[in-house]
Protein chains: 2
Amino acid sequence: MNIGDVAERSGLPAKTIRYYEDIGFIKPRRGLNGYRHFDEKELHKLAFIGRARSLGFTIEDCRSLLALYEDKERASADVKEIAKQNLKEIDAKIADLRAMHTTLTHLIEECAGDHRPDCPILKNLGEI
Amino acid sequence: MNIGDVAERSGLPAKTIRYYEDIGFIKPRRGLNGYRHFDEKELHKLAFIGRARSLGFTIEDCRSLLALYEDKERASADVKEIAKQNLKEIDAKIADLRAMHTTLTHLIEECAGDHRPDCPILKNLGEI
DNA sequence: CTTGACCTTCCACTTGCTGGAACCCTTATG
DNA sequence: CATAAGGGTTCCAGCAAGTGGAAGGTCAAG
């Protein structure tokens, strides 16, 4: 497979795949013309990374997960631990966003939204 | 006030304040020794930006808000519009995170978490 | 006089890509 | 055979929004 096929099948842009090679996730062989050639295994690895990224795992998380994925001796406890940590971070982000939501909603409600120059949103933001 | 005082009172790191000067948010005077000198107005502006940033407004949003904040002729409708747009984005982010949460929770539940090498999290991630 | 805290500038680095330029390779068509 | 489209390659620059660190100037206290 050339990079275009892998891009289509993995759902990742070709640019991103090259980037993932740069940072050492994959090492595809090269044809005589210099083109990258991918096998199914690399396709799976890329799909794996894509999924993990979309679940909010960082690149460094992916590195750990990939090491575990490839190591037949891996313990699922390790993976679970990483996932749990990730879940915690997701919860924290949700909490933050909810707080923002509440504050903003209040401000919007208080703001007349007509053309009067008095605006509680700006007022509130400027207070120390 | 020197930058340290402003940093403390606004809650922003000194580095960030210098950065905000770089990108044109503030233009503090300089003493003979080259030190920045801030007045209350700049302190308020910085606090304003800090609040807005923590509410998820981008730097560009802040630029608009600041322009409105400083313009006595501003219409609160404009501000409300920016805030509403922001609220929408916050909602979208929350929805995304909730989806991640659900998926991850399922995976974690299915994963034994003991030392057996079989792990549904990894399995699921690797599927195409 | 020296120490330590504070200030300055500048440059590099971060995360996770993305865009673009300039160029090579392959295949189909006139 | 020329050529044009549509792959592929490299490298360089840049995005947001700062952060870290080096090298050096300044100020107040002991």
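The analysis underlying the following values was restricted to heavy atoms, covering all of them including side chains, and did not include hydrogens, waters or symmetry mates. Per chain, numbering begins at 1; letters A, B, ... match sequence-line order.
Proximity of a side-chain donor or acceptor of A:Asp39 to a complementary backbone N or O of A:Glu42 within less than 3.5 Å is detected. Put simply, the side chain of A:Asp22 never gets that close to the backbone of A:Tyr19: no donor and acceptor are under 3.5 Å apart.
The minimum heavy-atom distance between A:Ala47 and A:Ser10, with the atom names listed, is N-CB, 4.5 Å.
If you find the closest nucleotide of DNA chain D to B:Leu32 and to B:Arg53, the one lying nearer the 5' end belongs to B:Arg53.
Here the nucleotide nearest the side chain of B:Tyr35, chosen from D:dG25, C:dC17, D:dA17, is D:dG25. The nucleotide whose nearest atom lies closest to any side-chain atom of B:Asn33 is, among D:dT9, C:dT8, D:dC27, D:dC27. For A:Ile59, the side-chain atoms get nearest to C:dC17 when compared with the rest of C:dC17, C:dT9, D:dT9. Of the candidate nucleotides D:dG8, C:dG16, C:dC7, C:dC7 has the atom lying nearest to any side-chain atom of B:Ile3.
Computed from coordinates, the B:Phe57 CZ to D:dA16 C1' distance equals 17 Å when rounded to whole Å. Between the CD atom of B:Glu60 and the C1' atom of D:dA16 there is a distance of 10 Å, given to the nearest Å.
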For salt bridge (Lys or Arg N to Asp or Glu O under 4.0 Å), just list the numbers for B:Lys15 and B:Glu21, CA-CA rounded to whole Å, side-chain angles, deciding distance to a tenth of an Å, and then say yes or no. CA-CA 10 Å; B:Lys15 278 258 176 191; B:Glu21 183 183 6; over 6 Å; no
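Checked for salt-bridge contact, B:Arg9 and B:Glu40 meet the test: a charged N lies under 4.0 Å from a carboxylate O.
Contacts between residues 15-27 of chain A and DNA chain C, defined by a heavy-atom separation below 4.0 Å, involve A:Lys15, A:Thr16, A:Tyr19, A:Tyr20, listed by number.
A:Tyr35 and A:Leu43 are members of different hydrophobic clusters when ILVMFWY side chains are connected at heavy-atom separations under 4.5 Å.
For D:dT9, one of the phosphate oxygens OP1 or OP2 lies less than 4.0 angstrom from a side-chain nitrogen or oxygen of A:Arg36.
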